[in-house]
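Working notes, beginning with the structure itself.
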Number of protein chains: 2
Amino acid sequence: MAVTMNDVARAAGVSLKTVSNVLNDYEFIRPATKQRVQDAIAELGYEANLTARSLRSGKTSMLGLVLSDLSAPYYAELASKLMKAAARRGYRVIVEQSDAGAAAELGALQGTFRQLTDGLLFTPLVADADAIAARAGRKPLVMLGEHVMDPRFDLVTMKNGEAAAALTRHLLAGGRRRIAVIGARPDESAGSAGLRLNGYRKALEDAGIAFDAGLVAPAAWRRDAGAAAVAGLLEAGVEFDAVFGLNDVLALGALHELLIRGVKVPGEVAVAGFDDIDEARFASPSLTTVSPGMEEIAERSVGLLLDRIGARETAAQGVHVAAGFELKIRESAP
Amino acid sequence: MAVTMNDVARAAGVSLKTVSNVLNDYEFIRPATKQRVQDAIAELGYEANLTARSLRSGKTSMLGLVLSDLSAPYYAELASKLMKAAARRGYRVIVEQSDAGAAAELGALQGTFRQLTDGLLFTPLVADADAIAARAGRKPLVMLGEHVMDPRFDLVTMKNGEAAAALTRHLLAGGRRRIAVIGARPDESAGSAGLRLNGYRKALEDAGIAFDAGLVAPAAWRRDAGAAAVAGLLEAGVEFDAVFGLNDVLALGALHELLIRGVKVPGEVAVAGFDDIDEARFASPSLTTVSPGMEEIAERSVGLLLDRIGARETAAQGVHVAAGFELKIRESAP
DNA sequence: TAGGAGTTCTATAACGTTGTAAAAAAGAAG
DNA sequence: CTTCTTTTTTACAACGTTATAGAACTCCTA
């Protein structure tokens, strides 16, 4: 039997509610009474029962995080940082893996998972804005990433286009002219893939270089797909002097494939990625990439979500935030 | 206002408890009644309130997972698999990061976090067995990893010693005679580091090769520490023809450092790791390592924990389980 | 057609908190 | 001292579920 508020009240010789008031920093309590209650709490080792508190107050002090796969390095790092940011503010984060399935993504908006949380950090990859809006409910929801950019939703993201353009300019400045892009998603223009590809095209255009669709290889955002995409280009006889992996694992997969085939990096082909996962620094050669300001993303998305949770009314309009980025020039594309 | 059981009861023309009985698969309910209740549930879109259920039943349907850092690839993969294993059984996992701090590890055993969960999957790195036992409480607790091997606790682990010995034998069979070990923890013999080092020594001994303490480099289990450890050995003029990183990120850091310095891998020095993280397959050269049966670890630790949660009494004796391993021979040490 | 053994259902009381409203105590003003 | 205001404390209900115990049905048997 755990110690309850009632036990504390009895020990301190006050009513149940007075104990509750002390715990909730109610204004009008005599210092002597407060002390007596606190002594009783310390002596009995009382700890508030969160379940009961949640039931009564309707708040759980938990945030939900929906992402496709926690074992992907980018998401693992993001989740870790989000948890720490939330912990600093007295919240806990629970994670739901969607495996990039639409049903799982939409399911996380409702039911058990939603019920357990006061607000959601949501990284949709396949569900569309209308389907999300229809199921969004009234609890706050902050989008992470680029799949859904809709004025109805709050959104914290990165400067995909600008960063991809900056990276492309860097490759061009290094004398590269035929930059292959791997990881494109031909079917979508709004997601991270589309935005980064746009940045790439913009930089080419600004430099007066024609865009060649033959240099763009679609691929799922996994290592093996990155390797396969590069293998495909090589076997098709496509010539290129640089590879831009739309994220780091794609670039690392490509790097691996190039090295296996005896292609010199960066001598013959430069390689660059996007995300600056920990591994990028320690690849051989180390990977040039974009650091998308993950710390800032974590901090601001949790901050925004908690603002919404604390607000009286639901916001009429979504806020869009884009964290700053930084180019990380390393050996693979100096 | 969410739909409650009371609304369902009214709509179906039965009592509150009958609805509860339907939801909990109580045996004695007339099929017609059951149907009526289920229709009402479907029509009203009722969903059980987990908080209220928890308060009344004392069960949360959540498991706790305590680990040092979710952004470390090994832990990220483990967490992902544990969540899936738990989900298959109707449980959710919430993660607490200890940052390898004793206070945080012990803190996770008590207070809020413990309260929210029906049982704990615990990966201690610094806390000692007695301190854990003193705070273990009465809710089930399953240890993961090797830091605490104590008959009082249930434990799911891997075959560290055997696997390290097998890997060492493989290096020896490839003609390597001076195998450097990086990532040792001189202060502890019981943890993963100690067990793997023992396996290494055992294999050397069996092969009649003298152990040379000069080949053993202490290092924190991070990439940069692995790189630094190898750099240290090289700069100290220590000769070696193989590096055994006590985990994969150490080995990958070492691999990186060797390549930067122009040391041929595996030509001059073979490199091997431990864990078989996703990245190991895609390193250049790909990394020879040990796959420690993580799937099996996830499955069995969740299974064991749920057995304990479901059991009438607390077990008198801890059960120790060691998952099988598999050698992954790749390019870095063929 | 009563008696008994099942089966099916229900009223009521918890679980441990917080919110409401009002009572009690203390202080100020006349 | 009263009366009024402000501060402090309290009794009681409520959050939505499950547990207990017993009532009300059904069906069988004698």
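Note that this is a predicted model, so its numbers are computed, not measured. We name chains A, B, ... by the order of the sequence lines, and we start the count at 1 in each one.
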Greater than 12 external heavy atoms within 6.0 Å of A/Lys139's NZ: yes
N or O in side chain of A/Ser20 less than 4.0 angstrom from C/dT18 OP1/OP2: yes
B/Glu105 to B/Leu125 - nearest heavy-atom pair and separation: OE2-N, 2.7 Å
Distance, rounded to the nearest Å, where A/Ile41 contributes CD1 and C/dT17 contributes P: 10 Å
Gap between atoms CD and P, on A/Gln35 and D/dT9 respectively (whole Å): 13 Å
A/Lys59 NZ - C/dG16 P separation (whole Å): 24 Å
Enclosure of A/Lys34 NZ (heavy-atom neighbours >12, cutoff 6.0 Å): no
Do any N or O atoms of the protein come closer than 3.5 Å to N or O atoms of nucleotides 6-12 of chain C, and which pairs are they?
unit_1: C/dC9; atom_1: OP1; unit_2: B/Thr33; atom_2: OG1; d: 2.3
unit_1: C/dC9; atom_1: OP2; unit_2: B/Arg30; atom_2: N; d: 3.1
unit_1: C/dT10; atom_1: OP2; unit_2: B/Ser15; atom_2: N; d: 2.8
unit_1: C/dT10; atom_1: OP2; unit_2: B/Ser15; atom_2: OG; d: 3.2
unit_1: C/dT10; atom_1: OP2; unit_2: B/Thr18; atom_2: OG1; d: 2.7

Matching residue for A/Val66 among A/Leu109, A/Leu106, A/Leu120 - test: side chain to side chain contact (heavy atoms under 4.5 Å, CB included): A/Leu120
Proximity to DNA chain C (any heavy atom under 4.0 Å), residues of residues 42-58 of chain B only: B/Leu55, B/Arg56
Side-chain donor or acceptor of A/Arg114 paired with backbone N/O of A/Gly107 under 3.5 Å: no
Bending between helix ends of the helix from C/dT1-D/dA30 to C/dG30-D/dC1 [5 pairs per end, 10° resolution]: 50°
Whole angstrom value for the distance that separates P of D/dA11 from CG of A/Asn6: 11 Å
Spacing of A/Leu23 atom CG relative to C/dG19 atom C1', expressed in whole Å: 16 Å
Rounded interatomic separation in angstrom, taking CD from B/Gln115 and P from C/dT17: 8 Å
Spacing between B/Asn24 atom CG and D/dT20 atom P, to the nearest angstrom: 13 Å
Atom CD of B/Glu43 with >12 non-hydrogen neighbours under 6.0 angstrom: no
Nearest-Å distance for atom pair CE/C1', residues B/Met5 and D/dA19: 12 Å
Any B/Val156 side-chain heavy atom under 4.5 Å of B/Met143 side chain: no
side-chain contact (heavy atoms from CB on, under 4.5 Å) evaluation trace for A/Val95 with B/Ile94: CA-CA 7 Å; A/Val95 176; B/Ile94 60 180; over 6 Å; no
Check: B/Asp7 side chain, B/Val3 main-chain N or O, donor-acceptor pair, under 3.5 Å: no
Between OH on residue B/Tyr74 and CG on residue B/Asp278, distance to nearest 0.5 Å: 14.5 Å
Expected output: side-chain B/His320 to main-chain B/Asp150 donor-acceptor under 3.5 Å: yes
